[in-house]
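Only one structure is covered here, and it is reproduced in the block below.
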Protein chains: 2
Amino acid sequence: MKQTKSIATDKKLNAPLPVVSGLRLTKQRQEVYQTLLEKRDHPTAGEVFKRVRKKLPTISLATVYNCLEALVDHRLVRQVNFERKSSRFCPNLVEHGHFQDTSTGKVYDITIKDGVDLADFINLPEGVCVQEAEINLRGAVADS
Amino acid sequence: MKQTKSIATDKKLNAPLPVVSGLRLTKQRQEVYQTLLEKRDHPTAGEVFKRVRKKLPTISLATVYNCLEALVDHRLVRQVNFERKSSRFCPNLVEHGHFQDTSTGKVYDITIKDGVDLADFINLPEGVCVQEAEINLRGAVADS
DNA sequence: CTGTTATTTAGAATGATTAAAAATGAAGGC
DNA sequence: GCCTTCATTTTTAATCATTCTAAATAACAG
Ligand SMILES: [Mn+2]
Ligand SMILES: [Mn+2]
Ligand SMILES: [Zn+2]
Ligand SMILES: [Zn+2]
C-alpha cells in the first residue's frame, strides 16, 4: 500500500532520542528508538528485539519492553493495539489512526482530514474530556 | 455518565438469542446473551462468568469464552478492547464507538453523528475497503 | 571520582485466553 | 419418541505476551 507522506514521516531517519527530563539516556533506549524510526512498519516488541539485537547483541527482551514502555510513557512513541494481538509501536507523533490489511497483517498510518475534530463526527456526551483517541481500521486492499 | 438512547438500547431486555444458521441453540449461549442484554455495561468474560453462574451454576469459564466467541463470530455481539486489558462485550449492534472513563474504568457507547461516513474525516488510501472500524476514546468526565 | 539510583539483565511469574480430550446434548431423520 | 451424528460443554492443561524480581550494571548529579 502506498505510504502517505507526513511531517513525521519526513523526520530524520536517525534522529537521536530527545533528552527529556526523567528519561535517562541509555544505549538500549537510543537503539530501540532508532529502530522504530528506521523502519516505520509498526513492529511488535518481539520484532524490535530481533532488530535491536543486531546492534546490541546482549540486550534482553525485558529491556526492549522496558524501553518501549519508557518511550510510550514519555509520549515519544505510540502503542498500537489491534484486537488482542501483540502491541505494535509507532514513532509517528502526528495525530493519526491505523489501518491493518487483513490479508497481510501489515499496519499503515492513516491521517485525519485537515481541520477535522473528533466532536465533528462523534456525539460526545456532556462534560467528557477526551485524552486519548484510537482509530483502528481493518480491511482489504485492492489487488494488493 | 448519562446514557445516550439508541435503537439498540431500546431493544427488549430479554430478547431470545436469534436463531442463526450454524449457531446451535444451547442454554449456555442463551444465558450468556441474556446477560449481555440485561446490563449493558461492557462486562469482561470473567464478569459475564460471575453473572451467568447465578442462573447456570455449573457453567465453566471456558464455555463463557466459547459462547462469547460464537456470538462475536456470528455478529450478534461486539468485542471491545481497550489497550491490552481484558476484552469486553457489547450487544449493541448499531455502529458506534466506545469511551472509557479513566477514573472509573467504565465503558460507554458513543454514537457516530447521523449521516457521517468514515471517509468524511479520514484520508483513506486508494483501494482500501474498510471491513471493521474501531473508535476507542479514553478521558475524564466532569464532576463524575 | 564517588555515591546514589535508575536501568538492565536473566529468569520466574502472571493472567487472559486457547487448546485437548472425554462427556454431554442439540438437531435432524425415521 | 428414538437414534445417530456431530457440535458443544466441561475440566484440565497449555500458550504466550507481558510483567515482576532480584542481582548486576551504569547514568549522572555533586
Ligand atoms: Mn505505560
Ligand atoms: Mn473469533
Ligand atoms: Zn502509526
Ligand atoms: Zn458498545
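Order of the sequence lines fixes the chain letters, A, B, ..., with proteins taken first and strands second; residue numbering starts at 1 for each chain. Since the structure is predicted, the reported quantities are computational estimates derived from the model, not experimental observations.
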Encode nucleotides 23-30 of chain D as B, S and - characters from 5' to 3', where the letter depends on protein heavy atoms closer than 4.0 Å: B to the base, S only to sugar-phosphate, - to neither.
----BS--
Just report the end-to-end axis angle for the helix from dC1(C)-dG30(D) to dC30(C)-dG1(D), five pairs per end, to 10 degrees.
50°
Residue list, ring pair (Phe, Tyr, Trp, His ring centres under 6.0 Å) with F121(B), at least two apart or on another chain
F121(A)
Salt bridge (charged side-chain N to carboxylate O under 4.0 Å, His left out): pairs with one or both residues in residues 110-122 of chain B, sequence neighbours excluded:
none
Cation-pi between R53(A) and F49(A): NZ/CZ under 6.0 Å from ring centre and within 45° of the ring axis?
yes
Under the salt bridge (Lys or Arg N to Asp or Glu O under 4.0 Å) rule, collect the residues that match up with K50(B), sequence neighbours excluded.
E47(B)
Measure CG/L71(B) against P/dT8(D) and give the value in whole Å, please.
11 Å
Could you give the CD-to-P distance, from Q30(B) to dT9(D), as a whole number of Å?
11 Å
Pairs flagged by side-chain hydrogen bond (donor to acceptor under 3.5 Å, both in side chains) wherever residues 57-67 of chain B is involved - sequence neighbours left out:
S60(B)-T63(B)
Can you sort out the partners of E95(A) under salt bridge (Lys or Arg N to Asp or Glu O under 4.0 Å), two or more places apart, ordered by chain and number?
none
Distance, nearest 0.5 Å, that separates CG of N136(A) from CD1 of I135(B)
10.0 Å
In whole angstroms, how far is the C1' atom of dT8(D) from the CD atom of E31(B)?
17 Å
In chain order, what residues pass the ring pair (Phe, Tyr, Trp, His ring centres under 6.0 Å) check against H96(A), with sequence neighbours excluded?
H98(A)
Under a 4.0 Å heavy-atom criterion, DNA chain C is touched by chain A from dT5(C) to dT17(C)
Rounded distance in Å - CZ (R88(A)) to C1' (dT18(D))
16 Å
Which residue pairs pass the salt bridge (charged side-chain N to carboxylate O under 4.0 Å, His left out) test with at least one member in residues 131-141 of chain A, sequence neighbours excluded?
E83(A)-R138(A), E132(A)-R138(B), R138(A)-E132(B)
Are D109(A) and R78(A) ion-paired here, with the side-chain N under 4.0 Å from a carboxylate O?
no
Taking side-chain contact (heavy atoms from CB on, under 4.5 Å) as the definition, give me every residue that meets it alongside K106(A), ordered by chain and number, with sequence neighbours left out.
T104(A), Y108(A)
Would you check if the side chain of H42(B) reaches a backbone N or O of F89(B) as a donor-acceptor pair within less than 3.5 Å?
no
Spacing between R84(A) atom CZ and dT15(D) atom C1', to the nearest angstrom:
13 Å
Sub-4.0 Å heavy-atom contacts from residues 52-66 of chain B onto DNA chain D, ordered by number:
T58(B), I59(B), S60(B), A62(B), T63(B), N66(B)
Starting from C1' on dT11(D), measure out to CZ on F49(B) and report it in whole angstrom.
12 Å
Contact class for T44(A) (heavy atom, under 4.0 Å): base, sugar-phosphate, or nothing?
nothing
Under the side-chain contact (heavy atoms from CB on, under 4.5 Å) rule, what do L23(B) and L76(B) come out as? Steps first, then yes or no, please.
CA-CA 11 Å; L23(B) 186 65; L76(B) 297 170; 3.8 Å; yes
